[in-house]
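This report refers to the structure that appears directly beneath it.
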There are 2 protein chains.
Amino acid sequence: MSAFKSLKEHFQKIDNFAHLSSICGWDAAAMMPTGGNEARSRAMAELSVHVHSLKTQPQLAEWFDKASEQALTTNETAQLREMKRSWLMSNVIPKELVEASSLAGSKCEHAWRTQRADNDWQGFAKNWQSVVALSQEEAQIRAQATGLTPYDAMLDIYEPGTSSESLTHTFDNVKQWLPNLIDQVIDKQAQEKIITPTGTFETNKQKALGLEVMKLLQFDFSHGRLDESVHPFCGGVPTDVRITTRYDENEFMQSLMGIVHETGHARYEQGLPTSLAGNPSGSARSMGIHESQSLFFEMQMGRNASFIQHLSQLAIKHFPEHNVKLFETANLNQLYTRVKKDFIRVDADELTYPAHVILRFEIERDLINGKISYQDVPELWDSKMQSYLGLSTAGNFKNGCMQDIHWTDGSFGYFPSYTLGAMYAAQFMAAMNKTIDVDAVLRSGELTPIFDWLSNNIWSKGSLLSTDELVKQATGETLNADHFKQHLMNRYL
Amino acid sequence: MSAFKSLKEHFQKIDNFAHLSSICGWDAAAMMPTGGNEARSRAMAELSVHVHSLKTQPQLAEWFDKASEQALTTNETAQLREMKRSWLMSNVIPKELVEASSLAGSKCEHAWRTQRADNDWQGFAKNWQSVVALSQEEAQIRAQATGLTPYDAMLDIYEPGTSSESLTHTFDNVKQWLPNLIDQVIDKQAQEKIITPTGTFETNKQKALGLEVMKLLQFDFSHGRLDESVHPFCGGVPTDVRITTRYDENEFMQSLMGIVHETGHARYEQGLPTSLAGNPSGSARSMGIHESQSLFFEMQMGRNASFIQHLSQLAIKHFPEHNVKLFETANLNQLYTRVKKDFIRVDADELTYPAHVILRFEIERDLINGKISYQDVPELWDSKMQSYLGLSTAGNFKNGCMQDIHWTDGSFGYFPSYTLGAMYAAQFMAAMNKTIDVDAVLRSGELTPIFDWLSNNIWSKGSLLSTDELVKQATGETLNADHFKQHLMNRYL
Ligand SMILES: [Zn+2]
Ligand SMILES: [Zn+2]
């Protein structure tokens, strides 16, 4: 058997175990009773050790060497590149460091769950110091292996090919116009009269509504399902995508738009190339591109008035006992595009969200590159929040730098993906509008032309192309944040 | 590390992977959309290959040798015995035969799904011939390894320590009184006036009722859950037991009693000794003992009038729109103890069920021992059905020898467990009644004394004792089918 073929079979084997991990991970979040946790964690840890041993088997190095000398098609070359990337990711960090980071991360995250509620920065900082130090060590090793700066080497895990230099450039531009735009919009919206949801929105009705919206969005129910979990997510495997939501009976809007968001993630997964199933080249391109699909669904389509008109009709149908004025398209539209300066990223609206991300990017970049210390973070957070959103977090750690889970276990480099996703989504919409009257399609409710465009340009490409090449082939240019700016101005001004 | 300790760690590792297999198996039956099947089957096959390789690792033989010379406590000796049994089970059959059997079994079972509907014995027999031949080969190999007869060596997989000689003796005795008893009971019941369920019993109400009955039966919801599947089963792991049912909106009784049955299986699993979790000695003793627990719940408790009185009250509460007379204890009791001679084992009542099992036992025993040919089966089936239940299956293959899935993939030796379970359950009840006024406990609805007895005598023992020793310690004697006969006569005459 050729080295390339051996590699393909080996990665298919790894993918088989990853399949079990995804399903059991989904189960732990959506189905498992509390008492099942201990044995499940042990089983998952065993599986993860096994997958790691498969990814670090000695003969892989030889196979990669030999395969690099084989005559391969373009498609196979991409497969080899992505297998190699996956292999390097698993082999570059020494086992001892992986274990130390995992231990420190678990400890810090676990304690954070109570420390955050207690606003206990001192207690948190004690654990976090080690997490930061170990992440810096990891970043150094990754930097040496890739020739990137330490922070860029971490960024590369989530966004291969994206540099912090270009990100800084892009975000600096956003910082020039965003704070002003936010103020203008808030001023404008101050006049609006809005009816807000009151009364009870029963879970089973919300679920029926959500399922109907998933149908409108052509979620493939023979390859996936909708369930509930405390933290909504999109999991499972491409042939069986598991999305979750959380219902709050006091209102229906958040869960509904959450379902639209996760359905975007899900359709990307469901639309990945089946011919490359089980190979890293057949999986999603990057976290940013993944988020571009969920945000295309949530922001570009979902918060478009032509789409909201369908939500309006469906909500009236499922909640006949409620005041119909609440569900009128104009009212829902206002509710879904309401802008407010606030402390918490996960609750932020479309317009203020980038400010939360840019702040985090700037801090984690300098932290991982060793330009600032972990002790500087609260003050930096406060000053940046003041400058971007006019809010002070002095002494308010729990709604400041302690609010996110990401940093507690050392996931540095992830935050930019959220805003990259928003920017890519806007750029995809601008490109789509050149050949499709998207607004007319949204009004019609028969959304196939939109999904065909996404499938042809994004989903079916898997990881065959680099992110830059993918975006260029789809839109004629690499990332251009002007489309995002234009989108925000069109929608909010 | 001592060889014994190495073995324990190795079997814990195997158990960790078995955990993932159980959860993903449950998921495939209860949650997975159809399109997920192909990738899931591949992942499960990969896992099963991995578990097999763990069970057949060469160093295990050496560890077992060394461990046999270690000084071990009684408890440790039992652990070693059960690990060795599990190891031998996986190593005795050559890989080629395992693969050939699995292939022939899948092929036969798959074709059977349409052949049965078509009553196509000739088509079925063509595939089944290989399944039988391969099972005979397997039985020969197992016989050589164990010193048992071929059929007893197959029986040993499910019922370690049970011989077909003693089974034949027991069943011959049953055959002497059962057909007559059935006739008497049917005669007697002919006079009964019964109200049968009509109208709609909504799934969500049936589910709420089922959950409440599980609560009455003290199912531990922090270590398990109830879901739906086409074929009800009890799966998952002891810390997270997953039971399923199937709802038919035309009636509520079958699903309800099905839940009682699976709850019996579940409480055995939930009650297994946690100190032996992950070790074969900590798992259920045998299929027959497992079934004894589900049948204790379903037959000994569930169909007892003192218990039915609770079902009656709960059903009235959950189906207020239905005629209350349907739910009266006396009527439910008559419905739940109705006896009818019929073709299908899975639909059989408590009284006729043993006839279905004895017939299968006698045929599979002689088939695996090579005394009859697969071609003789339809005729034998017909003649035994005539003699035990007065029904002819001549030409009626689909409701005769083609009705069960078990034989299609070579699971010979399993059927006796059902009736062994019924007999053990009756014997446990007789023993329990010596120290507990079971009827008074059932009437009270506070069933703890019953569960304490089962926990102390059965659940907490895992596989530490042999089946004979377990039953003897619990009841003062080994299997005695008189208790079963007495139970049937008390209930039905
Ligand atoms: Zn997302
Ligand atoms: Zn059972």
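Letters go in sequence order (proteins before strands), and every chain restarts at 1. Given the structure is predicted, the values throughout are model-derived calculations rather than measurements.
Counting heavy-atom pairs closer than 4.5 Å to chain B, the top-ranked of the candidates Gly224(A), Gly35(A), Ala45(A) is Gly35(A). For the options Cys24(A), Gly236(A), Pro238(A), heavy-atom pairs under 4.5 Å to chain B are most numerous at Cys24(A). Between chain B and the options Met31(A), His223(A), Lys13(A), heavy-atom pairs under 4.5 Å are most frequent for Met31(A). If you tally non-hydrogen atom pairs under 4.5 Å between each of Ser21(B), Ala39(B), Ala43(B) and chain A, the highest count goes to Ala43(B). Ranked by heavy-atom pairs shorter than 4.5 Å toward chain B, the options Asn37(A), Asp227(A), Leu47(A) are led by Leu47(A).
Between Asp240(B) and Gly36(A), the shortest heavy-atom contact is CB-CA, 4.0 Å. Taking every heavy atom of both residues into account, Pro33(A) and Ser222(B) meet most closely at CB-O, 3.4 Å.
His19(A) touches chain B through its side chain: at least one heavy atom from C-beta onward sits under 4.5 Å away, while N, CA, C and O do not. Of the atoms belonging to Arg242(A), it is side-chain heavy atoms, and not backbone ones, that fall under 4.5 Å from chain B. Contact annotation for Ile23(A): only side-chain heavy atoms (C-beta onward) come within less than 4.5 Å of a heavy atom of chain B.
Around atom NE2 of His110(A), no more than 12 heavy atoms belonging to other residues, nucleotides or ligands sit under 6.0 Å away.
Side-chain atoms of Met44(B) and Leu20(A), non-hydrogen and from C-beta on, do get closer than 4.5 Å to each other. By the 4.5 Å heavy-atom criterion applied to side chains, Arg225(A) and Met32(B) are not counted as neighbours. Proximity of Thr239(B) to Glu38(A): side-chain heavy atoms (C-beta onward) are nowhere separated by under 4.5 Å. Glu46(A) has its side chain out of reach of Gln12(B): every pair of non-hydrogen atoms, C-beta onward, lies at least 4.5 Å apart.
Between His50(A) and His50(B), the ring planes are tilted. Angles from 30° to 60° get that label.
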